[in-house]
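In what follows, every heavy atom counts, from backbone to side chain, and hydrogens, waters and symmetry copies are set aside. Each chain gets a letter, A, B and so on, in the order the sequences are listed, and its residues count up from 1.
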Amino acid sequence: MTLKTRIIPCLDVAGGRVVKGVNFVDLIDAGDPVQAAMAYDAAGADELTFLDITASHEGRDTIFDVVARTAEHCFMPVTVGGGVRSIEDIRKLLLAGADKVAINSAAVNDPDFIARAADKFGNQCIVVSVDAKQRLDAKVGGDNRSEWEIYTHGGRRPTGIDAVEFAAKMVERGAGELLVTSMDRDGTKSGFDLKLTRAIADSVEVPVIASGGVGKLQDLVDGVTEGHASAVLAASIFHFGTFTIPEAKRYMADHGIAMRLDAAAA
Amino acid sequence: MSTVAIIDYGAGNLRSAANAFERVAASLVSSPEIIVTADPEVVRRADRIMLPGVGAFADCKAGLDAVAGMTEVLEERVIRGTTPFLGVCVGMQLLAGEGREKVITAGLGWIPGAVEKIRPTDPNLKIPHMGWNTISVTKPHALLAGIPDGPNGLHAYFVHSYHFLTDDPAHLLATTDYGGVVTACVGRDNIFGTQFHPEKSQALGLKLIENFMGWTP
């Protein structure tokens, strides 16, 4: 018996609708995040992440309805990220049925927010999103900093904060898991930034989810074997039907990674 | 109509637990009513009791203690009475004599033992033990009936850094492996507890909840 590596499909949601739609299966409404979630649940996804990218403040409440309806139908862990800024935001998401929340900007702006959130709700439900980009001024070995810095606001705003140091600090404050996204690789289909993933995974005690850049199944394998990630997150390869969850699990299992294969419907 | 009380004491994701119980209840002929409640009187009248719990042991114990009369009703119904009881995650850990998470905190003491940090032999294994793992039944039990165990069995969803070490091996019902033996289920008489989350464990979890709804200890 071993703990299995998790595959986590991620759905970008804005105003309660899936951004760009999901084409991997015949859904009556390809824009309904709950239908997509149910299809992933049936396909054997190990967890699900909703990233709420709603721009307007007014549209934000739509995510609570999405989470509540998902939790009625899917008996697997659900994480919600995007716009989580207060203890009250977390409480509302958990009450709606989320199991974990992913926090990005609020953690960068106020690291003690993570400590307060972890004290209140437990480390297990506090995921910190580490959105990192290669430093333009990186001189490897030239200074004491790592090669990556933290970005906020969906990768648009640099902070000058060292990514590996930030990750360690977040775990110290009580983060139970880290979602490490390479903003350089995101959307490129050229694979995870394995050096970044490994640098963080090897320096913290908590599980790391690798994210950003998956284009082929071997990328998922590399995230685990070379990136040392405990879970892999991907969006478009699943949404657009390039690969199914069972295909990805089978491929990873065939490459020596312990996977949960009992749940896959097809 | 029979009722299942899910205790609301400010700890945990009650919506998920209620959803899973409601799903199972709807499939049963008896169709029991699922009530999420902080009222000890409702718990006293319930036919089955479920105690959830996430977060730290001490916080959960303090949360339970803060609900006036709840512990007394639980002891009346579960210890002196025979009401079937299911504790989940920290709701299961609270059954122990004491928790040793950060500080030492007295538990309910219904099952002798202590809650200790997991110490995997492999230093590369992450803490928390988070994700899907199979279980191994050490002592057959009605709540585990019909659930395939072992390396090729069904998976349960775990997320925890501490686990329950029972003083009496007879109270240990199922284990999992994470760089060593980790407690998955404990129980005695009308009391059962799972470290994993049945409400998040798809097929395995729904089967366990169904077994609980039909359990006559």
Side-chain angles (χ1 to χ4, degrees), chain A residues 1-8 41-42 44-47 67-78 91 93-100 118-127 171 174-178 201-202 204-209 228-231 258-263 265, chain B residues 10-20 22-24 53-56 59-60 89-90 120 123-136 148-161 175-179 181-182 184 197-206 209:
Chain A
M1 286 179 287
T2 21
L3 185 68
K4 308 306 183 289
T5 295
R6 290 167 282 153
I7 292 190
I8 307 174
D41 187 39
D46 297 305
E47 288 184 24
V67 172
R69 288 191 296 129
T70 301
E72 273 172 36
H73 299 287
C74 300
F75 301 106
M76 65 170 171
V78 174
R91 199 184 67 85
L93 286 167
L94 297 181
L95 283 177
D99 299 282
K100 308 186 226 180
D119 278 348
K120 182 133 190 74
F121 304 106
N123 302 23
Q124 82 293 333
C125 70
I126 306 300
V127 182
V171 172
E177 192 171 35
L178 300 174
D202 286 355
V204 296
E205 189 188 41
V206 304
V208 162
I209 305 166
H228 297 176
S230 300
M259 302 300 294
R260 180 178 71 115
L261 300 169
D262 58 31
Chain B
N13 185 346
L14 299 168
R15 197 62 253 150
S16 297
N19 284 335
E22 276 160 12
R23 159 75 69 97
V24 173
V54 296
D59 292 346
C60 284
C89 197
V90 183
N124 292 320
L125 289 177
K126 300 293 190 179
I127 302 284
H129 171 225
M130 186 188 286
W132 298 87
N133 210 330
T134 49
I135 61 171
S136 175
D149 72 334
N152 299 314
L154 289 176
H155 287 80
Y157 188 82
F158 290 85
V159 47
H160 62 123
S161 302
T175 61
T176 186
D177 183 272
Y178 193 59
V181 175
V182 169
H197 289 268
E199 75 279 13
K200 290 287 150 189
S201 296
Q202 295 180 334
L204 180 152
L206 294 173
I209 292 168

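The candidate with the highest count of non-hydrogen atom pairs below 4.5 Å against chain A, out of B:Glu199, B:Glu22, B:His197, is B:Glu199. Your options are A:Gly122, A:Ser230, A:Pro207, and the one with the most heavy-atom pairs under 4.5 Å with chain B is A:Pro207. By number of non-hydrogen pairs under 4.5 angstrom with chain B, the leading residue of A:Asp46, A:Thr5, A:Val204 is A:Asp46. The residue among B:Gly131, B:Ala18, B:Pro123 with the most heavy atom pairs within less than 4.5 Å of chain A is B:Gly131. Most heavy-atom pairs under 4.5 Å with chain B: of the set A:Lys120, A:Lys100, A:His228, this distinction falls to A:Lys100.
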Margin query: Before you tell me yes or no, could you show the steps for B:Val54 and A:Phe121 under side-chain contact (heavy atoms from CB on, under 4.5 Å), namely the whole-Å CA-CA distance, both residues' side-chain angles and the distance that decides it to 0.1 Å?
Written below: CA-CA 7 Å; B:Val54 296; A:Phe121 304 106; over 6 Å; no
Next item on the list: Would you please test B:Thr134 and A:Arg260 for side-chain contact (heavy atoms from CB on, under 4.5 Å) and show each step?
Entry: CA-CA 9 Å; B:Thr134 49; A:Arg260 180 178 71 115; over 6 Å; no
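For B:Ala203, no part lies near chain A; criterion is any non-hydrogen pair under 4.5 Å. Of the two parts of A:Asp119, only the backbone, made up of N, CA, C and O, holds a non-hydrogen atom closer than 4.5 Å to a non-hydrogen atom of chain B. Heavy atoms of B:Leu204 lying under 4.5 Å from chain A are absent altogether. Neither the backbone nor the side chain of A:Ala118 comes within contact range of chain B; no heavy atoms are under 4.5 Å apart. In this structure, no portion of A:Ala231 lies under 4.5 Å from any heavy atom of chain B. For B:Ser161, no part lies under 4.5 angstrom from a heavy atom of chain A.
Pairing each heavy atom of B:Met130 with each of A:Gly176, the nearest pair is CE-O, 3.7 Å. Heavy-atom minimum distance, B:Asn133 versus A:Thr2: OD1-O, 3.1 Å. Summarising the geometry of B:Asn19 relative to A:Ala71, their closest heavy-atom pair is ND2-O, 2.9 Å, with the distance given to 0.1 Å. Closest non-hydrogen pair, A:Asp99 versus B:Ser16, comes out as OD1-OG, 4.0 Å.
Put simply, CD on A:Glu205 and CG on B:Leu125 are 11.0 Å apart, with the number rounded to the nearest 0.5 Å. Taking CG from B:Asn152 and CG from A:Asp262, the interatomic distance works out to 9.5 Å, rounded to the nearest 0.5 Å.
B:Lys126 places a side-chain N or O within 3.5 Å of a backbone atom of A:Ala201 that can act as its donor or acceptor partner. In this structure a side-chain-to-backbone donor-acceptor pair under 3.5 Å is missing from B:Lys200 to A:Val78. Using modelled atom types, no side-chain atom of B:Trp132 and backbone atom of A:Arg6 make a donor-acceptor pair closer than 3.5 Å.
B:His160 is not listed as a side-chain neighbour of A:Gln124, based on a closest heavy-atom distance of 4.5 Å or more. For the pair A:Pro77 and B:Tyr157, the minimum side-chain heavy-atom distance is below 4.5 Å.
Between the side chains of A:Asp41 and B:Gln202, at least one donor N or O lies within less than 3.5 Å of an accepting N or O.
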